[in-house]
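In what follows, every heavy atom counts, from backbone to side chain, and hydrogens, waters and symmetry copies are set aside. Since this is a predicted model, take the numbers as computed values, not measurements.
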Amino acid sequence: MKGIAITGMGIISSIGNSVEENYISLIENKIGISKIQNIPTVHADVIKVGEIKKTNEELVDELELSENNNFSRTAMIGTLAAKQAVENAGITSINEFRTGLISATSVGGMDMTEKHYYDYFENPELIKYISCHDGGDVAEKIAQELGLKGMVTTISTACSSAANSIMLGARLIKTGKLDRVIVGGTDALAKFTINGFKTLMILSDDYNKPFDNTRKGLNLGEAAAFLVLESDEMVQKYDKKVLARVSGYGNANDAFHQTASSENGDGAYLAMKKAFEVSGLNPSEIDYINVHGTATPNNDLSEGRALLRIYEDGKVPDFSSTKPFTGHTLAAAAAIEAVYSVLAIQNSVVYPNLNFEVPMEEFELKPQTSLKMKNIEHVLSNSFGFGGNCSTLIFSKS
């Protein structure tokens with residue numbers, strides 16, 4: 001089974017405003033973790049985040065939006081990434097074929113609500129900003145800017161959202177429902193997420209260090225990434241360049257806890273197992289694993305144990321988390337890491353797991369800590385969300 005073709009990619013994150021910029025940062029160890037600049041918060045000097053260094057005003061100008069627009073930051077960065085992906089795929093007439101958009105988000109227009117909510121009681125005209133709060137508005141805005149009239153839907157399953165977006169897109173093409181689908185996710189930083197994760201006490205006041213025994217927690221980030229998936233018929237008919245393929249996917253829920261994964265990684269294990277079943281690959285055929293690797297005590301222990309259940313002989317392939325570069329971008333995480341997975345295949349590279357020093361006491365797993373060049377045929381990418389929603393994607397060389 002060859003899998004579904006990826007013909008275009010677009011991304012904006014704290015380490016770059018394009019696919020090329022993100023790749024250069026990854027191979028040159030240019031991290032995007034810094035103090036908060038765009039949000040007025042009491043935590044600005046306390047925590048570090050992966051922030052896109054563009055103000056909302058700059059994003060409005062870049063997208064050439066009207067002054068009285070009601071685009072949330074999430075919608076704006078999502079639109080930028082989706083436009084890049086469509087252009088990269090060489091699509092000039094978006095409604096010519098059965099084309100869909102599946103956008104993932106968890107924050108939605110929260111930044112607009114935070115800004116206008118209290119004033120809205122005195123000034124009902126501000127309803128247009130409050131009405132862009134829901135995640136579905138983000139997808140509608142992106143579709144509107146792309147001129148897309150086909151199927152538009154939203155997925156919000158916390159940090160596995162974009163993985164499920166990619167999975168649904170692949171299934172819609174595989175079953176013949178659509179010819180091509182723009183899939184991915186977008187999440188901007190907001191006070192809500194900063195305060196929420198601080199309440200959970202899983203934010204680090206330092207640079208995050210996945211799979212390190214002294215890890216303290218995660219750095220939040222913001223980003224958007226979209227990929228264009230197309231059917232083989234479209235690829236053959238128009239001689240499209242295939243960047244890589246989505247060859248496997250799986251989703252499972254360990255139903256353990258609202259915000260924690262089970263200690264033995266039931267959901268992660270089942271998601272990976274399903275992805276291997278869909279792809280027809282054996283675990284030994286994976287050349288690189290882009291782990292979820294949030295650097296929280298719970299996630300890394302749970303994911304590590306799940307990996308050792310998949311790789312019973314202990315021979316886990318080269319693995320690393322790219323979150324020390326970007327921070328954890330929530331619903332966008334699986335989308336930016338899908339782009340990174342495709343780039344790993346294209347450039348025969350394993351990215352370093354930055355900041356790792358001391359192996360975890362529970363097992364002997366050690367991530368790749370320096371840039372490594374090797375032929376990569378298949379990449380496995382994990383994304384696990386609150387509520388136990390676990391998803392795994394497998395990307396393969398075209």
Next item on the list: Identify which one of Thr326, Ile47, Asn208 satisfies the side chain to side chain contact (heavy atoms under 4.5 Å, CB included) criterion when paired with Asn219.
Entry: Asn208
Check: Heavy-atom count around Phe192 CZ within 6.0 Å, excluding the residue itself: above 12?
Finding: no
Next item on the list: For the residue pair His292 and Ser383, confirm or rule out a side-chain donor-acceptor distance under 3.5 Å.
Entry: no
Check: Do the ring centers of Tyr23 and Phe325 come within less than 6.0 Å of each other?
Finding: no
Under 3.5 Å, which donor-acceptor pairs do the side chains of residues 136-146 form with other protein atoms, sequence neighbours left out?
| unit_1 | atom_1 | unit_2 | atom_2 | d |
| --- | --- | --- | --- | --- |
| Asp137 | OD1 | Lys141 | NZ | 3.0 |
| Asp137 | OD2 | Lys141 | NZ | 2.9 |
| Lys141 | NZ | Asn70 | OD1 | 3.2 |

Item checked: Any Ile345 side-chain heavy atom under 4.5 Å of Val379 side chain -> yes
Note to self: I need the full list of salt bridge (Lys or Arg N to Asp or Glu O under 4.0 Å) pairs touching residues 149-171, with sequence neighbours left out, sorted by first then second residue.
What the structure shows: none
Note to self: Whether the Asp187 and Thr329 side chains hold a donor-acceptor pair (N or O, under 3.5 Å, no angle test) is what I'd like checked.
What the structure shows: no
Note to self: Can you confirm whether the side chains of Glu377 and Asn375 place a donor and an acceptor under 3.5 Å from each other?
What the structure shows: yes
Next item on the list: Determine the interplanar angle of the Tyr129 and His116 rings, folded into 0 to 90°, and report it as parallel if under 30°, tilted if 30 to 60°, perpendicular if over 60°.
Entry: parallel
Notebook entry, point to check: So, Asn68 and Ser66: side-chain donor and acceptor under 3.5 Å apart, yes or no?
Noted result: yes
Next item on the list: Verify the distance criterion only: is there a donor paired with an acceptor across the side chains of Glu230 and Thr7 at less than 3.5 Å?
Entry: yes
Next item on the list: Any chance you could lay out the side-chain contact (heavy atoms from CB on, under 4.5 Å) test for Leu101 and Met151, step after step, and finish with the verdict?
Entry: CA-CA 6 Å; Leu101 169 70; Met151 172 194 156; over 6 Å; no
Margin query: Counting C-beta onward and ignoring hydrogens, is there a side-chain heavy-atom pair between Ile376 and Lys397 closer than 4.5 Å?
Written below: no
Notebook entry, point to check: Have Ser320 and Tyr288 got a donor and an acceptor in their side chains that come within less than 3.5 Å?
Noted result: yes
Notebook entry, point to check: Among Asn290, Thr294, Asn353, which residue meets the side chain to side chain contact (heavy atoms under 4.5 Å, CB included) test with Ser321?
Noted result: Asn353
Next item on the list: Examine Val339 and Leu229 and state if one hydrophobic cluster contains both, with Ile, Leu, Val, Met, Phe, Trp and Tyr joined whenever side-chain heavy atoms are less than 4.5 Å apart.
Entry: yes
Next item on the list: Under the side-chain contact (heavy atoms from CB on, under 4.5 Å) rule, what do Val19 and Leu343 come out as? Steps first, then yes or no, please.
Entry: CA-CA 9 Å; Val19 173; Leu343 287 169; 3.8 Å; yes
Checklist line | Test side chain to side chain donor-acceptor pair (under 3.5 Å) applied to Asp179 and Ser231, step by step | finding: CA-CA 6 Å; Asp179 299 311; Ser231 68; 4.8 Å; no
Checklist line | Donor on one side chain, acceptor on other, Arg245 and Ser398, under 3.5 Å | finding: no
Margin query: So Leu172 and Ile102, do their side chains get closer than 4.5 Å, heavy atoms only?
Written below: yes
Margin query: One thing to verify: whether Lys83 and Glu87 come together as a salt bridge, which I'm taking to mean a side-chain N less than 4.0 angstrom from a carboxylate O.
Written below: no
Donor-acceptor list for residues 388-395 side chains, cut-off 3.5 Å, not counting sequence neighbours:
| unit_1 | atom_1 | unit_2 | atom_2 | d |
| --- | --- | --- | --- | --- |
| Asn389 | OD1 | Ser160 | OG | 2.9 |
| Asn389 | OD1 | Asn164 | ND2 | 3.2 |
| Asn389 | OD1 | Asn251 | ND2 | 2.7 |
| Ser391 | OG | Asn164 | OD1 | 2.5 |
| Ser391 | OG | Asn251 | ND2 | 2.9 |
| Thr392 | OG1 | Met272 | N | 3.4 |
| Thr392 | OG1 | Asn382 | OD1 | 2.7 |

Checklist line | All pairs passing ring pair (Phe, Tyr, Trp, His ring centres under 6.0 Å) where residues 33-69 contributes a residue, at least two apart | finding: none
Check: Can you name the ring-ring contact (aromatic ring centres under 6.0 Å, His included) partners of Phe121, sequence neighbours left out?
Finding: Tyr117
Notebook entry, point to check: Between the side chains of Asp206 and Ser204, is a donor N or O closer than 3.5 angstrom to an acceptor N or O?
Noted result: no
Check: Would one find more than 12 heavy atoms of other residues, nucleotides or ligands at under 6.0 Å from atom NZ of Lys177?
Finding: no
Next item on the list: Starting from Phe97, walk the hydrophobic network (Ile, Leu, Val, Met, Phe, Trp, Tyr; side-chain heavy atoms closer than 4.5 Å) and list everyone else you reach, by chain and number.
Entry: Met234, Tyr238
Next item on the list: Check whether any side-chain heavy atom of Leu281 lies under 4.5 Å from a side-chain heavy atom of His378, and answer yes or no.
Entry: yes
Margin query: Please determine whether a side-chain nitrogen of the Lys or Arg among Glu51 and Lys35 lies less than 4.0 Å from a carboxylate oxygen of the Asp or Glu.
Written below: no
Notebook entry, point to check: Do we get Lys48 above Tyr207's six-membered ring, with its NZ or CZ under 6.0 Å from the centre and within 45° of the axis?
Noted result: yes
